[in-house]
Amino acid sequence: MGELFECVLFTASLAKYADPVADLLDKWGVFQARLFRESCVFHRGNYVKDLSRLGRELRRVIIVDNSPASYIFHPENAVAVQSWFDDMTDTELLDLIPVFEALSVEDDVCDALSSLRGR
């Protein structure tokens, strides 16, 4: 995905916990930036990832997240995924590759995602 998108890790976790995990996961250096809890907005008891703070055109931003509360400010940009714990047979992200490839050439990912959702 790093060839198609500017990939940013945006987590509500604290950097001291998430950074070491990201180091293990991102062996190829795909994440161009890492944002942690201090980059979130605390809103109604949840840490929300306010995509407008990224300084990017929102029509070109996708958030892949397991928590709808995390993207409550920008649900039109969201690709919802299931929480992952320890199922080594899980292929959800791999199954989404064709969707991401299609979104990479869209002018407005929000419109495309809305169409995919059947709205």
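Bear in mind the structure is a predicted one, so any value in this text is a computation, not a measurement.
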Legend entry - Between S67 and D65, a side-chain donor and acceptor under 3.5 Å: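 Their side chains do not contain a donor-acceptor pair, so the 3.5 Å distance test is not met.
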Legend entry - Pair D50-H43, side-chain donor/acceptor within less than 3.5 Å: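 No, H43 and D50 have no side-chain donor paired with an acceptor closer than 3.5 Å.
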Would you check if the side chain of [X] reaches a backbone N or O of [Y] as a donor-acceptor pair within less than 3.5 Å?
X	Y	result
N77	I62	no
K49	F10	yes
R59	E57	no
S114	D111	no
Q82	N66	no
R37	L14	no

Spell out, yes or no, whether [X] and [Y] are grouped together once hydrophobic residues are joined by side-chain heavy atoms under 4.5 Å, including indirect joins.
X	Y	value
F36	Y17	no
V30	L4	no
L25	V8	no
Y47	Y71	no
L58	I63	yes

Please name the pair of heavy atoms, one in [X] and one in [Y], separated by the smallest distance, quoted to 0.1 Å.
X	Y	result
P20	A15	CD-O, 3.8 Å
A69	N46	CB-CG, 3.8 Å
R53	V41	CZ-CG2, 3.6 Å
C40	T11	SG-O, 4.0 Å

When rounded to the nearest 0.5 angstrom, what is the spacing between [atom1] in [X] and [atom2] in [Y]?
X	Y	atom1	atom2	value
L35	S13	CG	OG	12.5 Å
D87	E92	CG	CD	10.5 Å
L103	F5	CG	CZ	6.0 Å
F100	L93	CZ	CG	6.5 Å
S104	M1	OG	CE	7.5 Å
L9	R34	CG	CZ	6.5 Å

Inset, instruction - Find out whether C110 and H74 are in side-chain contact, i.e. whether some heavy atom of one side chain is under 4.5 Å from a heavy atom of the other. - result: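 C110 vs H74: side chains apart.
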Inset, instruction - Would you indicate whether the side-chain heavy atoms of R44 and I72 approach each other to under 4.5 Å? - result: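 Answer no - side chains too far apart.
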Inset, instruction - Identify whether the distance between the nearest side-chain nitrogen and carboxylate oxygen of E106 and R60 falls below 4.0 Å. - result: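 Looking at R60 together with E106, the answer is no, because their closest N to O distance does not fall below 4.0 Å.
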Inset, instruction - Give a yes or no on whether L54 atom CG has more than 12 heavy-atom contacts from other residues, nucleotides or ligands under 6.0 Å away. - result: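 Result for CG/L54: enclosed.
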Legend entry - Within 6.0 angstrom of E3 CD, more than 12 heavy atoms from elsewhere: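 Atom CD in E3 is not packed in, count stays at 12 or less.
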